Protein chains: 2
Amino acid sequence: MVKQETQREQTASMEDYLEAIANLGAGKKVVRVKQISDMLGVRMPSVTSALKRLSEQELVEHERYGHIELTPEGAKVASEVIDRHEALAHFFAQALGIDQATAEEDACKIEHVISPLGMERLAKFVEFMEACPMGGANLPDRYEYYLEHGELPQDCVKKGVKET
Amino acid sequence: MVKQETQREQTASMEDYLEAIANLGAGKKVVRVKQISDMLGVRMPSVTSALKRLSEQELVEHERYGHIELTPEGAKVASEVIDRHEALAHFFAQALGIDQATAEEDACKIEHVISPLGMERLAKFVEFMEACPMGGANLPDRYEYYLEHGELPQDCVKKGVKET
DNA sequence: TATAATTGTTAGACGCGTCTAACAATTAGG
DNA sequence: CCTAATTGTTAGACGCGTCTAACAATTATA
């Protein structure tokens, strides 16, 4: 039995198109070339040619001057990208305390290159940070203090965790 | 007075070449096309053509069949990339507990796309985590426990941080 | 509904970064 | 020191992803 090897692995650009189409189409809304072009900051012919490629890979259905829709396979890829995006943006914004715009920007880039393990651990880490409040002074708060004052807050050294 | 706007901003590929040259040349060692080609996993003509481009931008000095060296400007760019690389690899390995190989791999990709703010905060975060041990049960340890057992260790909720 | 505005497509160009094939220079061994 | 092996370069092709210019279809409006 020969290894099918679908050679599925999208470029960053194609992932961006899939992501945009998924986001624009969320809630059954009709998706237009112009919207995609605006959302991604490219010209319309770039969108048309991307749609052609994605159609050839069966990730998108597109009829001339008409309907644009993700295939089930395309939707799957898109949702994976979107999941990564959200976890990353959440990490940057909540854990690192970065402004939403920059957090999104970084998420948009990193979502295309991070390893599955890196992704998984990052998500777990955020979960952990949020679940492990250490009483009233939780980690994000202490981190924020550290960012602001450049030194550790009291409760990092004095309070908390004596060895009992 | 017109805005000089040096339009300096390297592609991921060019940053990789600069990084490789810096690493290979560390400690005055002679740098060869073949080494760069092996290190980056590309063929030699790709290296030659990259060197040509980087020379045109005054980031590298290269004489035919001979000497390869970073200019001061090139060395500066390289060292910025290397700094990002190291901070990222450190974060993935130490903070997230990812194996060295994967941590390096992720660092190699993300170093080319992360924002300055993201970078700065990530570094600060690692610093904070390492400086804020919370007594004997420090954050990385507790995180490790969480990874292993899927639930918070005792000292996240019971011990530590009562509101005094 | 005829026409204007908008949206979408096609054709073709271009820059980047890679490759292979062929050849040239350099280096190492007999 | 000559020859073989290695290293490096040139020439030219190619795929990706973008663009502009020109045209075509669709939609909105007077």
Side-chain angles (χ1 to χ4, degrees), chain A residues 5-21 24-25 29-70 74 77-78 81 108-109 111-113, chain B residues 5-21 24-25 29-70 74 77-78 81 108-109 111-113:
Chain A
E5 193 56 274
T6 321
Q7 188 58 20
R8 184 57 78 259
E9 176 71 18
Q10 292 307 308
T11 62
S13 275
M14 292 307 115
E15 287 187 350
D16 280 337
Y17 285 107
L18 293 172
E19 194 179 8
I21 294 167
L24 289 169
K29 283 191 286 294
V30 167
V31 179
R32 314 268 235 108
V33 170
K34 182 88 187 336
Q35 295 177 292
I36 301 173
S37 131
D38 287 345
M39 174 167 291
L40 297 182
V42 299
R43 301 297 197 156
M44 285 198 294
S46 306
V47 176
T48 302
S49 96
L51 291 176
K52 189 172 160 240
R53 283 203 208 145
L54 294 170
S55 297
E56 282 159 2
Q57 296 182 265
E58 318 260 49
L59 296 173
V60 158
E61 266 173 44
H62 177 214
E63 54 194 40
R64 218 161 158 271
Y65 291 99
H67 204 138
I68 298 171
E69 198 177 14
L70 296 174
V77 175
V81 176
C108 280
K109 300 306 197 82
E111 70 192 14
H112 304 299
V113 301
Chain B
E5 193 56 275
T6 321
Q7 189 58 22
R8 184 56 78 262
E9 176 71 19
Q10 293 304 311
T11 62
S13 276
M14 292 307 115
E15 287 186 350
D16 280 337
Y17 285 107
L18 293 172
E19 194 180 10
I21 295 167
L24 289 169
K29 285 190 285 291
V30 167
V31 179
R32 316 265 236 110
V33 170
K34 182 89 187 334
Q35 295 178 291
I36 302 172
S37 128
D38 288 344
M39 175 168 290
L40 297 182
V42 300
R43 301 297 197 157
M44 288 199 292
S46 305
V47 176
T48 302
S49 97
L51 291 175
K52 189 172 161 241
R53 281 202 210 147
L54 294 169
S55 297
E56 281 158 3
Q57 294 182 266
E58 317 259 53
L59 296 173
V60 157
E61 268 173 43
H62 178 214
E63 54 194 39
R64 218 161 158 271
Y65 291 100
H67 204 134
I68 298 171
E69 198 177 14
L70 296 174
V77 175
V81 176
C108 279
K109 299 305 198 82
E111 70 191 13
H112 305 299
V113 301

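Convention: sequence-line order gives letters A, B, ...; per-chain numbering from 1. All values derive from a computational prediction rather than experimental measurement.
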Could you measure the distance from the CG atom of A:L18 to the CG atom of A:L70? Nearest 0.5 Å is fine. 6.0 Å
Looking for any heavy atom pair under 4.0 Å, which part of the strands does B:S46 touch: base, sugar-phosphate only, or nothing? base
Specify the separation, in whole Å, of atom CZ of B:R43 and atom C1' of D:dA13. 16 Å
Just how far is it from atom CG of B:D38 to atom CZ of B:R43, taken to the nearest 0.5 Å? 10.0 Å
Would you tell me if any nitrogen or oxygen in the side chain of B:H62 comes within less than 4.0 Å of OP1 or OP2 on D:dT9? yes
How close or far is atom C1' of D:dT26 from atom NE2 of A:H67, stated in whole angstroms? 17 Å
Does B:E69 reach the side chain of B:V31, with side-chain heavy atoms less than 4.5 Å apart? no
Check the distance between D:dC23's P and A:R64's CZ and give it to me in whole angstrom. 16 Å
Rounded to whole Å, how long is the line connecting atom CG of A:D38 with atom C1' of C:dG8? 13 Å
Point-to-point distance, once rounded to the nearest 0.5 Å, from CD1 of B:I36 to CE of B:M44: 11.0 Å
Check every strand shown and say whether B:T11 touches a base, only sugar-phosphate, or nothing at a heavy-atom separation below 4.0 Å. sugar-phosphate
Starting from P on D:dT18, measure out to CD1 on A:I36 and report it in whole angstrom. 12 Å
Take the protein atom NE2 of A:H112 and the nucleotide atom P of D:dC16, then report the distance between them rounded to whole Å. 17 Å
Just call it for B:R32: base, sugar-phosphate, or nothing, with non-hydrogen atoms closer than 4.0 Å on any strand. sugar-phosphate
If I take atom CG in residue A:L51 and atom C1' in nucleotide C:dT9, what distance separates them, rounded to the nearest angstrom? 11 Å
First locate atom CD1 of A:I21, then atom CE of A:M39, and finally report the distance between them rounded to the nearest 0.5 Å. 10.5 Å
Let me spell it out: for each of B:M14 and A:M44, pick the nucleotide of DNA chain C with the closest heavy atom. Which residue's pick is nearer the 5' end? A:M44
If only side-chain N and O atoms of B:Y65 are considered, is one of them under 4.0 Å from the OP1 or OP2 phosphate oxygen of D:dT10? no
Starting from P on D:dT27, measure out to NZ on A:K34 and report it in whole angstrom. 15 Å
Can you check whether A:S49 has a side-chain N or O nearer than 4.0 Å to OP1 or OP2 of D:dG17? no
For B:T48 and D:dT10, is the shortest distance between a side-chain N/O and OP1 or OP2 below 4.0 Å? no
Under a 3.5 Å limit on both distances, the Watson-Crick or wobble mate of D:dA22 is C:dT9
